[in-house]
Amino acid sequence: MSTATGRALDGLSVRWRLTVTYTVVAVVSAAVLLAAVYLLVELAQPDTVVLKGEPAELPLMRPGDELALREALDEQRADAVDTTLRSFLVWSAVGLALMAGVSVAVGWAFAGRALRPVHTITSRARRLSADSLDQRLHLDGPRDELREMAETFDSLLDRIQAAFASERRLVATMSHELRTPLANQRAVLEVALADPGADAATLRHAAEVARGQAERAQRTVDALLTLARVQAGAETSRLAPVALEQITGAAVDATRDLEGAAELSWQVSLDPATVTGDADLLALAVGNLLHNAVLHNVEGGWVRVRVAASVGSAVVEVANSGPELDPGSVEALTLPFRRGGRDRTSSTRGTGLGLTIVSAVAEHHHADLRLRARDDGGLDARLALPLAP
């Protein structure tokens, strides 16, 4: 179709566009066929009439009579052919008009039947909302393009429902995490203010406890902001070659200054390995793995750190001693505010977002993060990143 015709169809519904397209194809095809028949009939007519028969069967003619007869027959034949062709054209036009009407009706019916699954998808999709994301299209019928589209839409709803559930869970646990230090802070201040005989030492103790709870809330907010920055890393990060052993070594030096890290036994092995990524985000991920290993360790425990290059990937391994973990709930440690399969609602250590941030960094770098509970207690964390070209 021409551009002008295409613009004219833009204002029509899909059903009307399919109907018009079907009608135009049918009518044009029929018109071409009739035109071919017309030309064949016209070209098949002889230019002159040939008189056939035995001389005895022909009437006695004077010289020149045969030529006049042939001319008269030619004129009669030409008139008959013209009349026949005109009738053919008239009835062909009538037939095309009838065919156009029938094509519109048939095209409208077939277009409606073809688009019926689309209407089903549209009507069911309109009924969906944030409170009914558990509903699915479940389109029946042959396994064609429309059913494939419906199944793709259902899988999209699965991901959206999971995202909504994760967001609601995060909001609930985050609210509890922020409410707990604020409630503790308010309680200790109210107790101090309600005591008319409180001395300077009592008030100072209350102020120190309130400051500690405020710092706890601030760490949680900072971790949430960091998580948001990491999850938006596709827009903000700068990818470049990164020496993984260098940022891991710097992270180890920084982690050893944490409280309780000096009492642990450290084993560090750093082989050269260069990856492509955001140096700040990778340093944050490795630092969180080390911080988690120190924070959830036991007295007199150990931490083992290893960087190695294998075929096509560089691996950071952080293993630590610690309390026994349920192997079935280890994967849940990457969820916000989780520790050992339990919500971090009663812990005053850490923010509960360390491994969540590591998981977000790994996803951004197309890396593989694996966690495994050790048989003798503790955790093995393995972060594998693609090597730089």
Side-chain angles (χ1 to χ4, degrees), residues 223 230 242-275 277 279 281-342 344 347 349-363 365-387:
V230 172
V242 178
L244 196 57
E245 77 281 1
Q246 294 182 8
I247 64 172
T248 303
V252 169
D253 294 338
T255 306
R256 281 179 169 175
D257 295 333
L258 293 176
E259 180 183 356
E263 287 76 20
L264 300 175
S265 174
W266 289 79
Q267 301 176 22
V268 181
S269 174
L270 305 178
D271 294 336
T274 302
V275 299
L281 294 182
L282 291 177
L284 177 64
V286 176
N288 280 1
L289 288 177
L290 295 172
H291 187 250
N292 184 78
V294 172
L295 202 61
H296 305 292
N297 217 306
V298 293
E299 184 178 356
W302 54 267
V303 177
R304 184 167 58 244
V305 184
R306 176 174 174 265
V307 174
S310 59
V311 179
S313 64
V315 179
V316 179
E317 294 179 350
V318 178
N320 64 277
S321 58
E324 292 187 5
L325 300 174
D326 180 12
S329 63
V330 168
E331 293 299 328
L333 294 177
T334 58
L335 296 176
F337 307 108
R338 302 282 288 195
R339 181 183 65 188
R342 302 188 307 272
R344 295 191 182 190
S347 175
R349 308 179 66 194
T351 62
L353 294 171
L355 293 180
T356 306
I357 294 175
V358 176
S359 178
V361 173
E363 181 179 358
H365 286 82
H366 305 288
D368 181 31
L369 175 64
R370 296 188 181 182
L371 305 177
R372 184 180 68 86
R374 298 182 57 84
D375 296 335
D376 54 350
L379 182 70
D380 284 340
R382 184 179 186 275
L383 179 64
L385 299 112
L387 284 173

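The minimum heavy-atom distance linking Pro272 with Ala309 is given by the pair O-CB, 4.0 Å. The minimum heavy-atom distance between Ala362 and Leu369, with the atom names listed, is CB-CB, 4.2 Å. Smallest separation of non-hydrogen atoms from Val275 and Ala314: CG1-CB, 3.6 Å. Among all heavy-atom pairs drawn from Ala285 and Val361, the shortest one is CB-CG1, 3.8 Å. Closest of all the heavy-atom pairs between Glu331 and Leu371 is OE2-O, 3.7 Å.
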Donor-acceptor pairs under 3.5 angstrom involving side-chain atoms of residues 375-387: please list them, not counting sequence neighbours.
residue: Asp376; atom: OD1; partner: Arg374; partner atom: NE; Å: 3.3
residue: Asp380; atom: OD1; partner: Arg374; partner atom: NH1; Å: 3.1
residue: Asp380; atom: OD2; partner: Arg372; partner atom: NH2; Å: 2.4
residue: Asp380; atom: OD2; partner: Arg374; partner atom: NH1; Å: 3.2

For a quick test of your reading: what N or O donor-acceptor pairs under 3.5 Å do the side chains of residues 298-308 make, sequence neighbours left out?
residue: Arg306; atom: NH1; partner: Glu317; partner atom: OE1; Å: 3.2
residue: Arg306; atom: NH1; partner: Glu317; partner atom: OE2; Å: 3.4

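Atom CG in Leu281 sits 5.5 Å away from atom NE2 in His365 (nearest 0.5 Å). Rounding to the nearest 0.5 Å places CG of Leu325 at 6.5 Å from CG of Leu333. The CD atom of Glu259 sits 9.5 Å away from atom CG of Leu295, with the distance rounded to the nearest 0.5 Å. In this structure, CG on Leu290 lies 7.5 Å from OG1 on Thr248, to the nearest 0.5 angstrom. To the nearest 0.5 Å, atoms CD (Gln246) and OG1 (Thr274) are separated by 8.0 Å.
In this structure, Ser329 contributes its side chain and Ala332 its backbone to no donor-acceptor pair below 3.5 Å. Proximity of a side-chain donor or acceptor of Asn292 to a complementary backbone N or O of Asn288 within less than 3.5 Å is not detected. Thr356 places a side-chain N or O within 3.5 Å of a backbone atom of Thr334 that can act as its donor or acceptor partner.
Under the side chain to side chain donor-acceptor pair (under 3.5 Å) criterion, Ser265 pairs with no residue, sequence neighbours left out.
Looking only at side-chain heavy atoms (C-beta outward), Arg256 and Val268 come within less than 4.5 Å of each other.
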List the steps, then state whether side-chain contact (heavy atoms from CB on, under 4.5 Å) holds for Leu284 with Val358.
CA-CA 8 Å; Leu284 177 64; Val358 176; over 6 Å; no

